[in-house]
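Remarks on the structure that follows.
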Amino acid sequence: MSERSAAANPQRIGVLALGRPTFDVELAESLRVQALAALAATGVRVAGGERLLFDTTAAETALAEVRAFAPDLLLVLQLTFTDASMTVRAAREVEAPLAIWAMPEPRLGARLRLNGLCGLNLAAHALGRAGKDCGYLYAAPDAHATPGALRELLAGGRRPAAQPPGHSLQVSAAARAEGERVARRLAGARIGVVGEHPAGFDTCSYDPFAVREVFGTEVARFDLQGVFARAREVPAARVAQTREAVTAALEGVDELDPVALDKSLALHGALSDLQREQNLSGLAVRCWPETFTEYGGAACGPMAMLNEQRVPCACEADVLGNLTTLALQEIAGAPALMADLVDVDAEAGTAVVWHCGLAPLSMADPEVAPAATIHSNRKLPLLHEFALKPGRITLARVSQSHNRLKLVIGGAQMLRAPAAFSGTSGVLRFDAPAAQVLESVIGNALEHHYSFAYGDHREALVALADRLGLPVLQFA
């Protein structure tokens, strides 16, 4: 098409600007305006994107308008973290290729204001399981390279393909023996899942029959309200004893709301009792929103304490994430942690893993005093806050991307760096270039939760996968 024809018939772009009011709406709105300006500068014709879409009703209205526009491409502006339900619906209802644009935020040690990369990750996984792919862009609207990358995205590019399974590791006899041992441990394990995973979190869904068939692991289900009821019955003296231990370990406990703090500590007692009574190897807990909105205290700190006690805990009722953490803990002989990948800086070659405040104290940088804090969005305690200690780490995920079970593994170096965001976070450098890792995450439609433990355990993980008959995907 000639330049004159292109000008007469500009590309039609439908835009959905997704966000959640629990994040920084002012920042998200500013980025929405900048993104639309960047789109206008490319000469395309745009429909949609005039407002942030916070709820289903608003999103459905906007989707109908975009669908009537008959776009050449549907662009989702992932302005904050959201679940994947509306993006998957849009991909099914709009007859056009789909692309997602998420935007980084400064690593200032404060609240995670957008968490857009995690939303992109979640959506790419859900789309992959629905048989859809997507183009993606993770860049600030005003970054030097954004105009060219945006034009490439609008032209149908930046759509990484899934890579075939494979790895480059030589597995020793000792590693194979370790893989065999851990396989036997998983076969005798019992994971407790408390509540249902949040709607739109395909990343946290699981098939209990497949878990039993492949790993020999039993999944036991428990009612979330029942756990709340148990927590309300934990004796005040026991809560006080836990508070004393927490105060000795963390700075700032006395500055927290004492009523909400005691509720959180009582939840630790309830989860501990459930684990002991039911002989559970790990816990996958629906940690939000009900622990905040109905119960009145965070599950993050209690689960961090259990992680330290070698009872791995997964937020958002992520059973396969919990299974991965359990396997890593067994191999490492030390606590493991499940976290989100929340930032990738291709120019600096680094990335950030983060979660609200779930890390065990043994993972704290010894040069940083661990502190007690509140949830950045829900404003209730108890959460841990510190930067993760430097050292070699191994990342892993039992993944069901593209509806096929596999074991994803990678290696990285956790760097000594100031906390990137509030809660517990760490800056790391993957073995592979950071941009390549992000492309692998999106192209392979991986989950948004990744487990890791300190040390290099990749050979043992490969041996475990071989023992279980799982393909291995080495993403870093």
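Sequential numbering from 1 along the given sequence is applied to the chain's residues.
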Assess whether side-chain contact (heavy atoms from CB on, under 4.5 Å) is satisfied between Thr146 and Trp101, documenting all intermediate values. CA-CA 11 Å; Thr146 295; Trp101 184 4; 3.9 Å; yes
Backbone N or O of Asn115 within a donor-acceptor pair of the Trp354 side chain at under 3.5 Å? no
OG on Ser422 to NE2 on His375, rounded to 0.5 Å: 9.0 Å
I need the Leu461 CG to Leu328 CG distance, nearest 0.5 Å. 5.5 Å
With a 4.0 Å cut-off on N to O distance, would you call Asp365 and Lys389 a salt bridge? no
Between Leu122 and Gly200, what is the shortest heavy-atom contact and its length? CD2-O, 3.7 Å
Grab the two heavy atoms, one from Val193 and one from Tyr206, that are nearest each other, plus how far apart they are. CG1-OH, 3.6 Å
Flag, side chain of Gln78 to backbone of Ala17, donor-acceptor distance under 3.5 Å: no
Verify whether one side chain among Ser168 and Arg458 offers a donor that lies under 3.5 Å from an acceptor in the other. no
Arg51 atom CZ, neighbour heavy-atom count above 12 within 6.0 Å: yes
Trace of the side chain to side chain donor-acceptor pair (under 3.5 Å) decision for Ser281 with Arg310: CA-CA 9 Å; Ser281 305; Arg310 307 283 183 95; over 6 Å; no
Please determine if Arg416 and Glu367 form a salt bridge, counting it only when a charged side-chain N lies under 4.0 Å from a carboxylate O. yes
Return yes if some donor-acceptor pair links the side-chain N/O of Gln11 with the main-chain N/O of Arg45 below 3.5 Å, else return no. no
One should read off an interatomic distance between Ile13 CD1 and Leu154 CG, to the nearest 0.5 angstrom, of 4.5 Å
Would you find a donor on one side and an acceptor on the other, under 3.5 Å apart, between the side chain of Thr324 and the backbone of Leu320? yes
When rounded to the nearest 0.5 angstrom, what is the spacing between CG in Leu380 and SG in Cys300? 10.0 Å
Evaluate the side-chain proximity of Thr217 to Ile191: yes if any heavy-atom separation is below 4.5 Å, no if none is. yes
Has Ser425 got a side-chain atom pairing as donor or acceptor with Val353's backbone, closer than 3.5 angstrom? no
Locate the shortest heavy-atom distance separating Gln400 from Asp202; write the atom from each residue and the value. NE2-O, 4.0 Å
Classify the ring geometry between Phe386 and His384 as parallel (under 30°), tilted (30 to 60°) or perpendicular (over 60°). tilted
Tyr450 vs Met338 side-chain heavy atoms within contact, under 4.5 Å: no
Ala351 versus Phe430, closest heavy-atom pair with distance: CB-CE1, 3.6 Å
Has Asn307 got a side-chain atom pairing as donor or acceptor with Cys313's backbone, closer than 3.5 angstrom? yes
Using a strict threshold of under 4.0 Å (side-chain N to carboxylate O), is an ion pair present between Asp72 and Arg12? no
For the pair Arg20 and Asp55, find out whether any cationic side-chain nitrogen is under 4.0 Å from an anionic carboxylate oxygen. no
Is the shortest heavy-atom distance from the side chain of Met303 to the side chain of Leu358 under 4.5 Å? yes
With a 3.5 Å distance limit and no angle check, can you tell me whether Arg32 reaches the backbone of Glu50 through a side-chain donor-acceptor pair? yes
Could you tell me which non-hydrogen atom of Ala372 sits nearest to which non-hydrogen atom of Gly252, and how far apart they are? CB-C, 4.3 Å
Taking it one step at a time, do Val462 and Glu459 satisfy side-chain contact (heavy atoms from CB on, under 4.5 Å)? CA-CA 5 Å; Val462 169; Glu459 285 187 38; 5.7 Å; no
Within a strict 4.5 Å, meaning less than it, do heavy atoms of the Leu438 and Leu117 side chains meet? yes
Locate the shortest heavy-atom distance separating Phe23 from Leu112; write the atom from each residue and the value. CD2-O, 3.7 Å
Determine the sole option in Gln413, Gln474, Gln436, Arg392 for which the side chain to side chain donor-acceptor pair (under 3.5 Å) test with Asp431 is passed. Arg392
Crowding at CD, Glu255 (>12 non-hydrogen neighbours, <6.0 Å): no
Would one find more than 12 heavy atoms of other residues, nucleotides or ligands at under 6.0 Å from atom CD of Gln309? yes
Taking side chain as C-beta onward, heavy atoms only, is Leu446 less than 4.5 Å from Arg397? no
Do Glu178 and His457 have side-chain atoms, one donor and one acceptor, less than 3.5 Å apart? no
Counting only N and O atoms by type, is there a donor-acceptor contact under 3.5 Å from the side chain of Thr42 to the main-chain atoms of Leu39? yes
Distance-only donor-acceptor check, side chains His448 and Thr203, under 3.5 Å: yes
Pairwise side-chain contact, Leu18 with Leu79, heavy-atom cut-off 4.5 Å (strictly under): no
Do Pro71 and Val66 come within less than 4.5 Å of each other through their side chains, counting heavy atoms only? yes
Hey, does Glu105 have a side-chain heavy atom less than 4.5 Å from the side chain of Phe421? yes
Evaluate salt bridge (charged side-chain N to carboxylate O under 4.0 Å, His left out) for Asp343 paired with Arg107, printing each intermediate quantity in order. CA-CA 9 Å; Asp343 186 42; Arg107 303 174 186 177; 2.7 Å; yes
Criterion side-chain contact (heavy atoms from CB on, under 4.5 Å) on Arg129 and Leu127, from CA distance to verdict: CA-CA 5 Å; Arg129 298 195 68 190; Leu127 289 166; over 6 Å; no
Indicate, with yes or no, if the rings of Phe81 and Phe201 have centres closer together than 6.0 Å. yes
Rounded to the nearest 0.5 Å, what separates atom CD1 in Ile374 from atom CG in Asp257? 9.5 Å
Flag, side chain of Thr424 to backbone of Glu385, donor-acceptor distance under 3.5 Å: no
Test side-chain contact (heavy atoms from CB on, under 4.5 Å) applied to Arg113 and Ser376, step by step: CA-CA 9 Å; Arg113 299 163 71 188; Ser376 56; over 6 Å; no
Between Ser401 and Asn444 (side chain of the first, backbone of the second, donor and acceptor by atom type, cut-off under 3.5 Å), is there such a pair? yes
Is a donor from one side chain sitting under 3.5 angstrom from an acceptor on the other, for Thr325 and Ser451? yes
One thing to verify: whether Asp466 and Arg176 come together as a salt bridge, which I'm taking to mean a side-chain N less than 4.0 angstrom from a carboxylate O. yes
Quick check for you: to the nearest 0.5 Å, what is the distance between Glu447 atom CD and Asp340 atom CG? 12.0 Å
